[in-house]
Amino acid sequence: QLQLVESGGGLVQPGGSLRLSCAASGLSFDYYYIGWFRQAPGKEREGVACITNGGVATTYADSVKGRFTISRDNAKNTGYLQMNSLKPDDTATYYCAARRINRPGSLQAMCAQSVDMDIWGKGTLVTVSS
């Protein structure tokens with residue numbers, strides 16, 4: 001069974017840090033690009049950060065550049081999102097998603113439009129508040 005499970009969310013004060021994890025099972029993890037997306041109440045889903053299957057290339061939303069870092073460990077079938085200098089505007093449910101590498105389209109387009117994703121996790125809530 002193909003599955004992505006996010007963890008690491010929680011309540012953090014502004015300026016704090018969290019690291020989200022995305023554990024994959026039932027798939028050849030290194031055959032997939034992965035991305036982190038978020039959705040706040042009343043807002044559209046937003047692509048936060050994405051990474052290629054080998055981890056060589058990454059892309060970030062302008063709103064998180066310099067604060068968030070995406071990475072992956074294919075040996076552990078796990079992706080990560082390190083979030084530093086968190087702001088109240090970062091409050092959202094964060095989702096991990098994966099797309100097979102043989103689908104058309106660039107990493108940047110995948111991240112911006114979240115189209116043709118093959119698998120989605122159920123999300124983890126991040127709340128940034130004092």
Side-chain angles (χ1 to χ4, degrees):
Q1 180 181 1
L2 304 180
Q3 193 173 16
L4 297 175
V5 179
E6 302 94 336
S7 62
L11 174 64
V12 63
Q13 292 186 342
S17 298
L18 283 175
R19 188 175 83 154
L20 306 183
S21 297
C22 172
S25 60
L27 68 157
S28 298
F29 190 61
D30 57 359
Y31 198 66
Y32 288 78
Y33 289 0
I34 63 170
W36 287 94
F37 303 85
R38 68 185 181 186
Q39 188 165 21
K43 295 187 178 180
E44 292 187 354
R45 186 172 60 200
E46 172 190 23
V48 176
C50 295
I51 189 167
T52 52
N53 56 314
V56 173
T58 58
T59 188
Y60 295 90
D62 288 343
S63 58
V64 307
K65 280 181 181 176
R67 300 188 297 122
F68 291 10
T69 302
I70 189 172
S71 62
R72 63 190 295 161
D73 185 339
N74 286 347
K76 296 182 178 179
N77 286 350
T78 303
Y80 304 98
L81 184 68
Q82 177 67 42
M83 305 186 296
N84 299 329
S85 302
L86 282 161
K87 306 174 181 179
D89 283 350
D90 295 318
T91 295
T93 298
Y94 284 70
Y95 300 90
C96 175
R99 191 185 80 178
R100 295 192 304 272
I101 60 173
N102 60 351
R103 288 193 180 276
S106 68
L107 182 72
Q108 289 75 12
M110 180 190 91
C111 219
Q113 302 162 17
S114 64
V115 294
D116 293 333
M117 305 307 292
D118 292 293
I119 312 160
W120 286 89
K122 294 184 178 181
T124 185
L125 178 63
V126 172
T127 303
V128 185
S129 176
S130 55

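One-based numbering along the sequence shown.
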| field | Atom of A92, atom of A40 and distance for their closest heavy-atom approach | value | CB-N, 3.8 Å
| message | If you compare all heavy atoms of S25 against all heavy atoms of L27, which two are closest, and at what distance to 0.1 Å? | response | O-CD2, 3.1 Å
| At what distance, to the nearest 0.5 angstrom, does NZ of K122 lie from OG1 of T93? | 14.0 Å
| field | Exercise: identify the closest heavy-atom pair between T124 and G9 | value | OG1-N, 3.2 Å
| Connected hydrophobic set around Y94, excluding itself, where side chains approach under 4.5 Å | V12, L18, L20, F29, I34, W36, V48, I51, Y60, V64, F68, I70, L81, M83, L86, V126, V128
| request: Please name all residues satisfying salt bridge (Lys or Arg N to Asp or Glu O under 4.0 Å) with K65, sequence neighbours left out, ordered by chain then number. | output: D62
| message | Between N53 (side chain only) and D30 (backbone N and O only), is there a donor and an acceptor less than 3.5 Å apart? | response | yes
| task | Enter the distance from L125:CG to T91:OG1 here, rounded to the nearest 0.5 Å. | result | 8.0 Å
| query | Which distance, rounded to the nearest 0.5 Å, do you find between the CE of M117 and the CZ of R103? | reply | 9.5 Å
| message | Donor-acceptor check, side chain of T59 to backbone of Q108, threshold 3.5 angstrom: yes or no? | response | no
| said: For the CG atom of L4 and the OG atom of S21, what is their distance to the nearest 0.5 Å? | reply: 12.5 Å
| note | Here the salt bridge (Lys or Arg N to Asp or Glu O under 4.0 Å) pairs for residues 71-89, sequence neighbours left out, are none
| field | Y32 side, atom OH; T52 side, atom OG1 - distance, nearest 0.5 Å | value | 16.0 Å
| field | Cluster check L2, W120: I/L/V/M/F/W/Y, side chain < 4.5 angstrom | value | yes
| Closest heavy-atom contact between G35 and C50? | CA-SG, 3.6 Å
| So, for F37 and C111, which heavy atoms are closest and what is the spacing to 0.1 Å? | CE2-O, 3.5 Å
| message | Side-chain heavy atoms nearer than 4.5 Å, only ILVMFWY residues, links allowed to pass through others: does that put Y31 and L107 together? | response | yes
| task | State whether the side chain of E6 and the backbone N or O of G123 hold a donor-acceptor pair below 3.5 Å, judged by distance alone. | result | yes
| Name of the residue among S71, C96, C22 meeting side-chain contact (heavy atoms from CB on, under 4.5 Å) with Y80 | S71
| field | Nearest heavy-atom neighbours spanning S63 and R38 | value | OG-NH2, 3.4 Å
| So, are R99 and D116 salt-bridged, with charged N and O less than 4.0 Å apart? | no
